[in-house]
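Hydrogens, waters and symmetry mates play no part in the numbers below; they use all other heavy atoms, side chains included.
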Amino acid sequence: MFGANVRRLRRASRITKTDFAKRCGVGRPYLDKVEHGKANPTLEYLGRFAAALDVDPLYLLTPQSPLGSGGDAGLAPFCGVANPVSSRGGGTDCG
């Protein structure tokens with residue numbers, strides 16, 4: 001799930017694998033493994049990937065609706081991840 005979310009958001013942001021790997025401080029082969037579910041990143045790397053995509057780390061670990069099929073409306077019950085945009089500067093309905 002993590003790798004699929006990373007790949008989907010990276011593609012939606014139109015960031016190449018090479019550029020994204022550089023942003024995250026990882027090698028392209030490692031990024032390939034992550035996106036294909038063949039590597040399990042540490043919490044440090046979870047944070048790096050989330051920061052590079054400007055999303056809350058929890059968002060990358062949460063099942064998502066495919067883009068173009070109603071968005072992420074199913075995430076409404078999850079405080080802080082209903083919107084893929086980072087909580088930095090963005091408001092939520094939680095609290």
Side-chain angles (χ1 to χ4, degrees):
M1 177 179 348
F2 173 78
N5 286 337
V6 168
R7 182 176 56 245
R8 182 178 52 81
L9 291 172
R10 178 188 58 76
R11 287 178 174 173
S13 299
R14 299 187 146 189
I15 305 169
T16 67
K17 283 186 179 183
T18 301
D19 287 342
F20 188 70
K22 287 179 186 176
R23 287 183 190 187
C24 296
V26 300
R28 168 117 186 239
Y30 180 71
L31 175 60
D32 286 336
K33 288 180 182 178
V34 168
E35 287 192 355
H36 294 284
K38 296 180 181 177
N40 293 313
T42 63
L43 290 176
E44 176 184 349
Y45 286 114
L46 169 64
R48 289 184 188 191
F49 283 93
L53 292 166
D54 195 29
V55 296
D56 187 294
L58 183 58
Y59 185 83
L60 295 176
L61 300 173
T62 306
Q64 309 298 318
S65 300
L67 291 178
S69 66
D72 298 310
L75 291 179
F78 296 98
C79 180
V81 295
N83 185 334
V85 177
S86 170
S87 61
R88 294 172 288 203
T92 65
D93 293 332
C94 301

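- When all heavy atoms are compared, the tightest approach of N5 to T62 is ND2-O, 3.0 Å.
- Rounding to the nearest 0.5 Å gives a distance of 13.0 Å between CG of L31 and NZ of K22.
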Show which side-chain atoms of residues 39-49 pair as donor or acceptor with protein atoms under 3.5 Å away, not counting sequence neighbours.
| from | atom 1 | to | atom 2 | distance (Å) |
| --- | --- | --- | --- | --- |
| T42 | OG1 | E44 | N | 3.4 |
| T42 | OG1 | Y45 | N | 3.4 |
| E44 | OE2 | R48 | NE | 3.3 |
| E44 | OE2 | R48 | NH2 | 2.6 |
| R48 | NH1 | C24 | O | 3.2 |
| R48 | NH1 | G25 | O | 3.3 |

With a cut-off of 3.5 Å and sequence neighbours excluded, list every side-chain donor-acceptor pair involving residues 12-21.
| from | atom 1 | to | atom 2 | distance (Å) |
| --- | --- | --- | --- | --- |
| S13 | OG | L9 | O | 3.0 |
| T16 | OG1 | D19 | N | 3.0 |
| T16 | OG1 | D19 | OD2 | 3.3 |
| K17 | NZ | D32 | OD1 | 2.9 |

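- The heavy-atom pair separating E35 from V6 by the smallest distance is OE2-CG1, 4.1 Å.
- Note: the hydrophobic cluster containing V34 also contains L61 (ILVMFWY, side chain heavy atoms under 4.5 Å, direct or indirect links).
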